[in-house]
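Here is how names work: the chains are called A, B, and so on, in the same order as the sequence lines, proteins then strands, and each is numbered from 1. Small disclaimer: the values here were computed from a predicted structure and weren't measured.
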Amino acid sequence: MSRPNLYFVIVGTRDNPLYEAEFGPIARGEVAKKDDLRHMNQFVVHAALDAVDELVWGTQAMYLKVVDRFNEWFVSAFVTPGGVRFMLLHDTPNTDGIRNFFLECYELYIKVLMNPFTEINAPIVSGAFDQRVRAHARKWL
Amino acid sequence: MSPPNWAVINNPVVTYAEDTAIWSSLASDFNSRLPLRQLPWQNPLRSGRATAPGMQRIIPTLDIQMRPFSPDLLPRLAPGGLHQNSVFMHIFFVGCEDIEYYKNNVRRQLQEWINAVSSKKGQEWLVVHLTGGDSRGRAGLFNIGAASTVLDKIRSDFNLKKDRSMQFRITNNEIKDAEFWNELLDRIKEGLVSAITQQAAQLEDDTRRFEQQRLMPGWNYCQYFILKQARELIGSSGTLGLHSDLQETLAFTYELVRFFDEALLHYDELEATFFQTLVEQGAPWFHKFGGVEPGDDCSDVLNSDRKPYRSMIIQNTITIFDFREYLFSRQCRLIFLLGSPADVCQRTKMFVVSLSKMLREYSVSLAPHFRESWSYSLCMRIVRECDAVFRMLSMPTSAMQVYEALRAELLQIARIQLDRLGTAKKICSNPLYLEGDGTAPETPAAENGRTISNPELVQALSSPETFGILYQASIHVTNLAVRGFEACARPRSALALQSDLAFWHFSQEDYEKAAEIWERVAFRHSESGWHHIETVIVECLARCYRELRRCLCEHLDACRTLVESCLYLVSHPKLMDAQKAEQLVDELNGAAIAMAEPISRHMSDLFGVSIASVINRAGDDDEIVIELNIRSVLVKDFNMTRVLLTLTAGDGKEMICECHNVVLHTGKNLARVSCKKSTIPGNYSPSTVTMESGNLHFYYDLHPFDRKKGVRINETAASLKMTASLPRTIVQGESASTIAFEILTRSNSVKSGVLSISTLTNIAFAHQSAVRCTVSSAGGDVVSTKDVSFGGGKMQLPDAGPNERISFALPFSLAQDTRNTDHKLKLLLSCATDDGRKRLHSSILRVSLVPTFAIDSSMIHEHDGSLIQIGMRCKEGAPMRVLAATLAATGEPDVKPIETIGQQIAFPGTPISLLFQLGAAASHDVETYTPTCSLTLTVSYVPVNDEIEAFVQARLEAVLAKQGLSRFTGFFFNFLARTLLPQIDAFESSAFGALDFGKFDAAALEPLLSDEEPATRGKLVAAAAALWEELAGVSLDTVTAESKLAPLKLVFTATHAVPRVIAHTCIRVESLSDRTVGSAIPCTILVTPLTWILPAKQDQLEVELELDINFAVFAIAGKKRGIRDKPAELRVLLCPLQAGQILLPRVQATVLGLPADAVSVQNVSTGAQISVLPRRQSAKIFVSETPDALKAVLPGRIVMV
């Protein structure tokens, strides 16, 4: 399978992606293909934001579980109280693992926000944040 | 039209048995009372999922089916018990009225029947004994007793309680019959509910028990499923005794009693359990995956009778594929019955996604493109069915929106399958779905010999044309889906769908349609940072317009959009490979030049601009050169046809530096822009940089740090100059009411000029309908005049060429409370140059409402002429050199200065008196005589400061010309104006006649020449030193001689009366004796007419004389008032009443017969006094008065008639 198994994106309140990451095993020589298909992940996740916007009004939970499906892909979402959306594109349902992953990422995101130099809705370029998100992805996903 | 398969609902069955053929006569009446209404229901054990615990639910209506009793109808006790038997109640109708007949025949039948029905759990039964009109007719009173006896006998024989038996009496009376019918129906309702409750309780127990055994070896999900489903169809009572086979029936139960929501919940539980056991145990109980039968890819999923699913489940021969379809069809059926097509769509989407993944895993065993065909067929089938249901429902708008969204998603899934199929068959291509796992692998599936069976798809895939027809139909559907997404406020999904549509058109080479859609979609994702999506779309859009441009040269919009697309793409080079990025840069270059209309980009990320350095050379003709640092992020060289830098000063004044054909390499570049120095002085700071590549324009606002790197443009001899001052004409007695404006164009020209005048102090200019504007040449010749209107502070100026002067005057008014005489005006002149460019000139002017000289005049008439005395006082400020003062009078009188007026310095506040004598003109006569004379004084003067400045400039020009540095005159003069001239005190210079220019400060000059070559710099410093040497020890006379400054002129006008006759009156004391208080003093009043202005005439002059006597001082003897024509003397005696110096009485004379303005009476004895002594005073004072002396003072002719 050429596409990475998981695509995680943090979407700001202005619908702008703040952080993007792809997890999962990638076969050798498929890096270029991965880049070519990255738009596909964005397409699916971007369209799923509509569903998140609808569902967020129907629950008080931050974890919205699977909000959308595209072919055999699932889109799980987590909405912070500030309206930032964590979206995960995955191919296997793993509700509890994804929930834990989102919660860990939420903690990391809060830490990033606590940096006085962080601007709301600014892309997260911190290398430490990226490393820790990937570590949590390995752990929970 | 038959209802859809899913809409057919089973009804609970009630069987009937009879001893005689009674039911046929009752059936019509019984059926007319169906369905049963208002059945109370309470879940016996666990509360219903859809209801609160313990809550009673009402079944509104329930139809039942009456069937004749047969032992076959009873649920069998066979393993599995999977027959969804819906028999719940049994009724035996006894029509026998003869007790013997009962004993012999009926009792045995009844016994057998009761044995059969009571042996089954969850079955209710009832014995009804009918009596009717026939029996009554036959037996009369006897039969009544017999009827009751038969029922009693039955009850006693079978030990029946009242709830198991009843008597039904038919009386042919509608009211009474209704009571009996109601009682029968109530019994049936109770029985049904009781039976269903029992079955549900039993099923619930069994289900729970079976569920607990899930992890035990040998547990079978299919059996569990059947049991669970039985709960839905609780009528299958025969299965209840088995623990292991029955589950699905559970859900059936609720369906029978119309509790579709309860039934659906049980199916949901079944589904969840399926997935859970699938994860935990795999699926060993399933036969195969399935999906290999013909028609599996396009079967009617809503038809659960399509295959014997239940039998297959019981026999463990069902496949996973069939099982999932069956489960889904049951769920959909229940949701349809609940009247919620939106939920069907939602579940369909989940089902497609879920099963599609499984289909991919088993794709080897399936037909090629089975997954796509199945997904497409399912989605389209569900959408069609949902639409049919939706049309029959009336739903609120919010629910409609939800349905539209979900429906649109299904349509999108269906169309994606078409995309995949088309891509796999190389009929179309959609880069959005070119993922490696998106299409089914061809090779393994192709070997198994299976093919998809959806006739629609089979036909479509046979040729590109047929595929196009199908896709076009799907496009229509997709458009509906887009509208659905937009209607339900899901813009992102709508965008994605529109992109898909565009890709289809693109693959069909319908570039116009594709571009039309993409134009709506493009650049909407990048706004929020989804650049990967945007790149794909914009890249396709660019290709689209590239093709359009190639096909249709005049397609101008294609160029424009192509450029916009390329711009986006080249700004994100990381999203594509280097070669493609380079191609895009080339394409951008080409398209930008071919573009018809300009495209502007403000602060594009492609380039970055900053100011590297500013070179402002000192020469008057030198250019201003500014070096720009331009950073390019493009991956390849990019040609800019022009780079412009706009420098702006206040009030919109601007200067534009430019350079042409700049090649910008990747990374840093240095571009030099230059321009001639503006003729409009000011501090110019760089503001914007414009880079043009054909019609592609990039605008960059410079950083505030760069804006500080400005250049100073000083006023030169070529600069347009605007001045405002009081008019140079002063009328005595009148205050200034207008301000004169002058615009010297110098090297500029003014076309379509609009002058805006705004006041910064308490002075105002009122609206004027006609202001006379005069355009004059440098020599003073009037070129043209034009009346223009002035309103709102603006006026249109007449056109003027270089070296011309536009002058006009505007009346002003002052605020009442202002005492300020200095005012500020701001003039802004907007005009066009010869090349059509707009230019702005601005200036802030100071206007003093005090004229340079304050002038007054007075006139004294003498016997042979009049003396004119003019006083002139220079206002505060700098001293003035008065060059000349000339006086002219109207009527050509002879005016000559009494003393010669030479050049003199007028210091502020110091008065200057000028004395002129006005004599009679030779040509005067009575006809040309006018009683007033207008005097005009013209003063020529030069401000000493200006004189010194002009002198310095003349010397400067001479020195620079001598050294060949004339082009630096402007620079040097500005330098001197800032450093040298402010040091010179005009008062001191004027007072002492010498100037002190101080010492040359080279350190102040050298920094200003930093942009010059060292050699030039040395020459300029040497020239400055030479100039200082030249200026050393210069006297003011030299300054005056060399300055050659054109004098300023001030015109002063005054009007004085010039009477034709001047009557001199005086009172003359005749006696020289002592004058004491009370003594009589003889006096003579004399009147002497003077007519020097006109030749003497022998006219009669009648004079009325009157003495103005203060009677406290004088007593008078004689007439103090009288008209005298002859003699010209009037004699009176005055008697002083006081001692001391006493003023003589004033003589008033009025010449009769002449107009008042033709006569001037001059009392020459005004102020004359006499000395009066007191009577008793011993000392005497003698005052000598000589009448001759008086005559000398008052000469002239006295003509008395």
Quick check for you: among [options], which has the greatest number of heavy-atom pairs under 4.5 Å with chain B?
| options | value |
| --- | --- |
| H46(A), E20(A), R14(A) | H46(A) |
| D68(A), V11(A), V45(A) | D68(A) |
| V9(A), L18(A), L49(A) | L49(A) |
| V66(A), N16(A), D15(A) | D15(A) |

Proximity breakdown for A48(A) and chain B, heavy-atom pairs closer than 4.5 Å:
neither

So what's closer than 4.5 Å to chain A heavy atoms on E534(B): side chain, backbone, both or neither?
neither

In terms of heavy-atom proximity below 4.5 Å to chain A, should M358(B) be classed as side chain, backbone, both, or neither?
neither

Considering all heavy atoms, the nearest P491(B)-D50(A) contact
CD-OD1, 3.4 Å

Which atom pair, heavy atoms only, marks the closest approach of P17(A) to G529(B)?
CG-O, 3.3 Å

Quick one: pull up CZ in R490(B) and CG in D53(A) and give me the separation to the nearest 0.5 Å.
9.5 Å

Within this structure, what is the CZ-CZ distance for the pair F43(A) and R492(B), rounded to the nearest 0.5 Å?
14.0 Å

For N115(A), does the CG atom have more than 12 heavy-atom neighbours from other residues, nucleotides or ligands under 6.0 Å away?
yes

Given the options S493(B), S356(B), S375(B), A494(B), which has more heavy-atom pairs under 4.5 Å with chain A than any of the others?
S493(B)

